[in-house]
Number of protein chains: 2
Amino acid sequence: MTTTTEENYLKAIYHLSSRHQKSVLTSEIAGSLSTTSASVTDMLKKLSDKNLVEYERYKGVRITRKGEKVALSIIRRHRLWEVFLTDVLKFKWDEVHDMAEELEHVSSDELVKRLDSYLGYPKFDPHGDPIPDTNGKVPANGQQLLSEMTSTGTYVISGVNDHSPAFLQFLEKKGLVPGTVFSIMEIDGFDHSMHIEFQNRKSTYISKEVSRNILIKSHA
Amino acid sequence: MTTTTEENYLKAIYHLSSRHQKSVLTSEIAGSLSTTSASVTDMLKKLSDKNLVEYERYKGVRITRKGEKVALSIIRRHRLWEVFLTDVLKFKWDEVHDMAEELEHVSSDELVKRLDSYLGYPKFDPHGDPIPDTNGKVPANGQQLLSEMTSTGTYVISGVNDHSPAFLQFLEKKGLVPGTVFSIMEIDGFDHSMHIEFQNRKSTYISKEVSRNILIKSHA
DNA sequence: AAATAAAATTAGATTAGTCTAAAATTAGAA
DNA sequence: TTCTAATTTTAGACTAATCTAATTTTATTT
Ligand SMILES: [Mn+2]
Ligand SMILES: [Mn+2]
Ligand SMILES: [Mn+2]
Ligand SMILES: [Mn+2]
């Protein structure tokens, strides 16, 4: 029905859509998939013919309900496989993304269903991203960006926005993995760097570059 | 390095090679992959350029040691995934082949290694086929074709040669699954049909069509 | 040893996905 | 509002994999 390439385009368009309300631009997609605008234009026509996106020449593209359903099903598979790789095969959270990029295209619905059941119906993947259910509903997670916090308070790390191994390994080294509880002690007025303290009283500094890629929830 | 298509050709050539000593013919490969001889000829040139097969125009093809290593690594992945699907996700043995056909092309070696370890280093897949090790060594299994038996005796079913769901479901219905112990009571001289008896004294008849697709070992 | 049949290869197209370079359109600055 | 710059689309080409139809080679009969 949809090829691996089409699926990757839909996933990219879906993710880019969730970053703003406007139509997704050709160049955004090209950047996100490391391809050329010319290739993207070709594919947008193809996806439009299949009613997976609404495309208007020079105006960018919006994903349709039908396209969104496909994207969410691929994202569901991706995140379930990531849970499998970390929880069952004991991979580290910075090692699983590329394998999941391949596994997400394995097409059997029954396989995904059984995998979900075997994993105990997880709601979030190892990076704190929510796993859409079979109907494409994404569990609400009350996550906020650490960089958006303006006052002191105690929080728990729930996920990340940058999934690159380099960033994940950096967080690991700093002790900033999902589940970690910490308090914001001070936010610098000039560069928005944060002074945070862990429960064991140790503390560290975080640049805005880092805080804008960390997702948090307030700590009970 | 190798595309999914190239991997499927190598697997087919490897399997066909093991059926006879001679070179594998273009038409055999075309038949096995449900494609045309013209397409096969094109691919044989490509595989030959990569030193994965030795190809001589009009003379058929032999797989090289290098090509065999690739084929065995794909077969290893296929069979390990089949074990995962039956043992872990509880699929039936007639349901797993098509999923394994997709999963076998997921490229991470580390994934296969961890899967193998998680499954407890199985030596055979759910259909009784041996799982090659990392070095491409195939465990000897002392299997024989049921149709080759010429005298009475007691045996245990260890595998099958026909992996189609239809055949596997037929075997299931007849109670002829791997592990089943039975005795050959009589072999008909005319059509080679066999009268066999199970350990519980129940008995049934098996046509040559069926017995030539059942693998057995002698029972201790 | 021809003639014929079977098998394999080549020739020429097609589709999916990609690219570079040129042309068209839109948006921003003067 | 007109000019310029950035973005986007088209045009044309390429690779991988496939097909049909025509040609060539090999094998089998007469
Ligand atoms: Mn991922
Ligand atoms: Mn993830
Ligand atoms: Mn199989
Ligand atoms: Mn098998």
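We name chains A, B, ... by the order of the sequence lines, and we start the count at 1 in each one.
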Novice: Rounding to a whole Å, what distance do you find between A/Leu47:CG and C/dA16:P?
Specialist: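 Going from CG in A/Leu47 over to P in C/dA16 covers 12 Å.
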Novice: For the pair made of CG in B/Leu44 and P in C/dT10, what is the distance, rounded to whole Å?
Specialist: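 For the pair B/Leu44 CG and C/dT10 P, the rounded distance is 11 Å.
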Novice: List for me each residue that meets salt bridge (charged side-chain N to carboxylate O under 4.0 Å, His left out) alongside A/Glu104, sequence neighbours excluded, and say none if there are none.
Specialist: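 Per chain and number, A/Glu104 pairs via salt bridge (charged side-chain N to carboxylate O under 4.0 Å, His left out) with A/Lys11.
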Novice: Ignoring hydrogens and angles, tell me if any N or O in the side chain of A/Glu102 forms a donor-acceptor pair with the backbone of B/Ser107 under 3.5 Å.
Specialist: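 Indeed, once roles are kept as given, a pair shorter than 3.5 Å links the two residues.
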Novice: Is it the case that the ring center of B/His78 lies less than 6.0 angstrom away from the ring center of B/His97?
Specialist: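 Yes, they do, as the ring centres are separated by less than 6.0 Å.
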Novice: Within the pair A/Tyr55 and D/dT9, is there a side-chain N or O less than 4.0 Å away from OP1 or OP2?
Specialist: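 For D/dT9, OP1 or OP2 has a side-chain N or O of A/Tyr55 closer than 4.0 Å.
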Novice: From NZ of A/Lys22 over to P of C/dA27, roughly how many Å is that when rounded to an integer?
Specialist: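 Roughly 12 Å, once rounded to whole Å.
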Novice: Taking the side chain as every heavy atom from C-beta outward, state whether B/Ile131 and B/Pro139 have any atom pair closer than 4.5 Å.
Specialist: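 SC-SC contact between B/Ile131 and B/Pro139 ruled out.
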Novice: In whole angstrom, give the distance that lies between atom CD of A/Glu56 and atom P of D/dT9.
Specialist: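 The distance from CD of A/Glu56 to P of D/dT9 comes to 11 Å, rounded to the nearest Å.
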Novice: Is NZ or CZ of B/Arg79 both nearer than 6.0 Å to the six-membered ring centre of B/Phe124 and within 45° of the ring axis?
Specialist: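 No cation-pi geometry.
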Novice: Give a yes/no on whether any side-chain N or O of B/Ser39 is located under 4.0 angstrom from OP1 or OP2 of D/dT18.
Specialist: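 Indeed not, no polar side-chain atom of B/Ser39 lies that close.
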Novice: Taking only the side-chain nitrogens and oxygens of A/Tyr9, find out if one of them lies under 4.0 Å from OP1 or OP2 of C/dT18.
Specialist: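 It does, given that an N or O in the side chain of A/Tyr9 lies less than 4.0 Å from OP1 or OP2 of C/dT18.
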Novice: Between B/Lys45 and C/dT10, does any side-chain N or O lie under 4.0 Å from OP1 or OP2?
Specialist: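 B/Lys45 to C/dT10 OP1/OP2: side-chain N or O found under 4.0 Å.
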Novice: Whole angstrom is fine here: how far is it from OH in B/Tyr58 over to P in C/dA7?
Specialist: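 About 14 Å, once rounded to whole Å.
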Novice: Report yes if at least one side-chain N or O of A/Lys59 is closer than 4.0 Å to OP1 or OP2 of D/dT7; otherwise report no.
Specialist: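 Looking at the OP1 and OP2 atoms of D/dT7, neither is under 4.0 Å from any side-chain N or O of A/Lys59.
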Novice: When the distance from CG of A/Asp42 to C1' of D/dA11 is rounded to whole Å, what number comes out?
Specialist: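 These atoms are roughly 11 Å apart.
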Novice: Pick the nucleotide of DNA chain C nearest each of A/Thr3 and B/Ala38; which residue has the one closer to the 5' end?
Specialist: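 With A/Thr3 and B/Ala38 compared, the 5'-side residue is B/Ala38.
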Novice: Rounding to an integer number of Å, can you tell me how far B/Arg57 CZ sits from D/dT26 C1'?
Specialist: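 Distance, rounded to whole Å: 12 Å.
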Novice: First locate atom OG1 of A/Thr134, then atom NZ of A/Lys69, and finally report the distance between them rounded to the nearest 0.5 Å.
Specialist: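 One gets 10.5 Å once the value is rounded to the nearest 0.5 Å.
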Novice: Under 6.0 Å between ring centres, would you say that holds for A/Phe84 and B/Phe84?
Specialist: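 A/Phe84 vs B/Phe84: aromatic centres under 6.0 Å.
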Novice: Could you list by number each residue of residues 23-37 of chain A showing a heavy-atom separation from DNA chain D of less than 4.0 Å, or answer none if no residue does?
Specialist: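 Residues of residues 23-37 of chain A under 4.0 Å from DNA chain D: A/Leu25, A/Thr26, A/Ser27, A/Ser37.
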